[in-house]
Colleague: 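So that we are looking at the same thing, I have put the structure below in structure tokens.
The sequence lines fix the lettering, A, B, ..., with proteins before strands; numbering per chain opens at 1.
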Number of protein chains: 2
Amino acid sequence: MSTIAKAMHLLNTLADMRTEPGLTDMATASGMDKATTRRMLVELARFGFVEQDAFTRRYRLGSAPVRLARIREQRYPFASIVAPFARELVATTGETVHVSEPAGDRLATVHVEMSDYTHRVIIDPGQLLPLHATASGLAYLSTLGPAELEATFATPLTAFTAATATSTDQLRERLNEGRRLGYCISEGGYEAGVMSAAAAILDAKGRARGTIAVAGPAMRVDRAKLEEFGAHAAEIARSIERALWGTQKTGQDRHGRTEWMTAERSKTRAISQS
Amino acid sequence: MSTIAKAMHLLNTLADMRTEPGLTDMATASGMDKATTRRMLVELARFGFVEQDAFTRRYRLGSAPVRLARIREQRYPFASIVAPFARELVATTGETVHVSEPAGDRLATVHVEMSDYTHRVIIDPGQLLPLHATASGLAYLSTLGPAELEATFATPLTAFTAATATSTDQLRERLNEGRRLGYCISEGGYEAGVMSAAAAILDAKGRARGTIAVAGPAMRVDRAKLEEFGAHAAEIARSIERALWGTQKTGQDRHGRTEWMTAERSKTRAISQS
DNA sequence: AGCTAGGGTTCAAATAATGAACCAATAAGC
DNA sequence: GCTTATTGGTTCATTATTTGAACCCTAGCT
């Protein structure tokens, strides 16, 4: 395991904690040695990624991510541009909407707009979602070319609920359906009782830059409603694309090849999702 | 140099770039070997901290910081709570206002509210500010106890302009002035022609959690105006403190000792700013 | 006063990072 | 259309960093 991976793992562990942990908590939760944990925390603190409360000696996320997030959003706005569209989707569907971006081999939720219902799906901003088990993840996968999909098929597909697609065939079937409809659905595939539909947000070259998903409780949302939500999500995704990149959308690069064809052609590879 | 430090350095380098760099650009800018640079970028990409454009092969900041920033702001709101106060300060002073948080041995600008003047000070969100040369930095330093100040005095004080305080005595003098007035000023100490005044935002225990600063062009802002701005900034800082932590503010821990006294007493130290 | 738990530290052993030289593909020049 | 320069990406013996069991220190408890 690379040192950076360990540091990132520690950061993720800290992000997942419900309450501010002490050194021992962090070591336990991350499964690393106390000395290692501390060295890393100190180093991360030097750069503002974590902070230690001077009095309680507990650790928390620092301000550096806030700073980097500002820079990222300024150069490459996504969360901020997408927010009003997410609100619009909440207005038309009545259910909670979340927007995610690819981050390594998962999707990072970067924006959430809550439903007004008292009984609603609650999504933590910042949650990391698996690709094969969520509507968002499926929508993302459905835009990838065969070469890029291999990495996902190569890893074991965790079953989060009975409805999770765990076989390669099942997964392929769902992706094909998604490509046909323009959106993907998950009927409790990640958490039982949570129905969701999602569409990918593509860039000018046809690559998925993120996803937008509607999620509601099974009690209120049935298959028919889910299909309706999916269509709305796909529609909003198109609007978001226009807002982000104007109206032109080719799906091909300047050589007239589609993007994943280029990726397959060359031997030296760009960083792949693994 | 630790591996984490190198990775963070790379992230900062990427954040400072005005345009999306290629691998060679990154290696040159960071002063690291090409192989090392690439290994780190790949590893950082795995966790979504950087992204590589699949077509141009150039690198950019990823979405992971956006995700972590959401979590941080949810648990420990600062940028979001402070924003309306910053706007208020722009309204009363007419000049650009920025809010920063300590991040390692510098301050990270986490929020900026621009002046309405055409000729105004422009501050990039996400900029890292040195402690000894900016009004914000001085305001921050002026809240520290002698033990914590040592680290700053130990490092050489870079002269950014002729007005930068570069001697320990000069710096001490400015900090004393700051403690007396409740705000610090910088007359072009970081960038010539930029006048600024800043006040620290303290937590319930009297530790600086951030700073709020007003900055205007020397053409329009003289010493007298700066003092006025400083007083306003200090006033707003008190309002921010009330919004963040209610009305009680002791400046002492539960043993009745001030925080830095505690820090001095113990031999094993909390993570210090160095 | 003694005990316990958690934060923090040490140093020989184990592991990961390094970078000069390399290949491959694209872009620039002729 | 061919040659060269540039840039992205990779390799592997060498080198430097990271590791963790055992340790110390302080605060809080009985």
Colleague: Does A:F78 have A:R209 sitting over its ring (NZ/CZ under 6.0 Å from centre, angle to axis within 45°)?
Modeller: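 Negative - A:R209 is either too far from the ring of A:F78 or too far off its axis.
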Colleague: When the distance from CD of B:E43 to P of D:dT18 is rounded to whole Å, what number comes out?
Modeller: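 From B:E43 CD to D:dT18 P: 14 Å.
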Colleague: Rounded to whole Å, how long is the line connecting atom CG of A:L41 with atom P of C:dG8?
Modeller: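 To the nearest whole Å, that distance equals 9 Å.
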Colleague: Could you give the distance from OG1 (A:T109) to CG (A:L128), rounded to the nearest 0.5 Å?
Modeller: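 That separation rounds to 7.5 Å.
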Colleague: Any side-chain heavy atom of B:M26 sitting closer than 4.5 Å to one from B:L41?
Modeller: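 Yes, side chains in contact.
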Colleague: Strictly below 4.0 Å, N to O, side chains only: are B:R72 and A:E51 in salt-bridge contact?
Modeller: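 A salt bridge links B:R72 with A:E51.
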Colleague: For C:dT9, take OP1 and OP2 only and decide whether either is under 4.0 Å from a side-chain N or O of A:R38.
Modeller: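 Yes, because at least one side-chain N or O of A:R38 sits under 4.0 Å from OP1 or OP2 of C:dT9.
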Colleague: Between A:Y140 and A:R106, does a side-chain hydrogen bond (donor to acceptor under 3.5 Å, both in side chains) hold up when you go through it step by step?
Modeller: CA-CA 10 Å; A:Y140 176 72; A:R106 287 185 281 183; over 6 Å; no
Colleague: Return the 5'-most residue of the pair A:S2, A:R58 with respect to DNA chain C, ranking by each residue's nearest nucleotide.
Modeller: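 Closer to the 5' end of DNA chain C: A:R58.
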Colleague: Would you compute the distance between atom CZ of B:R46 and atom CE of A:M8 and round it to the nearest 0.5 angstrom?
Modeller: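 These two atoms lie 10.0 Å from each other.
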Colleague: To the side chain of B:Y59, which of C:dG8, D:dG9, D:dG8 is closest?
Modeller: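 Minimum distance to the B:Y59 side chain belongs to D:dG9.
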Colleague: Polar atoms only, N or O, under 3.5 Å: list the protein pairs with nucleotides 18-22 of chain C and their distances.
Modeller:
residue : atom : partner : partner atom : Å
C:dT18  : OP1  : B:K6    : NZ           : 2.3
C:dG19  : O6   : B:R39   : NH1          : 3.2

Colleague: With respect to the phosphate group of D:dT7, does any side-chain polar atom (N or O) of B:R57 fall under 4.0 Å of OP1 or OP2?
Modeller: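 So the side chain of B:R57 is outside the cut-off, no N or O lying under 4.0 Å from OP1 or OP2 of D:dT7.
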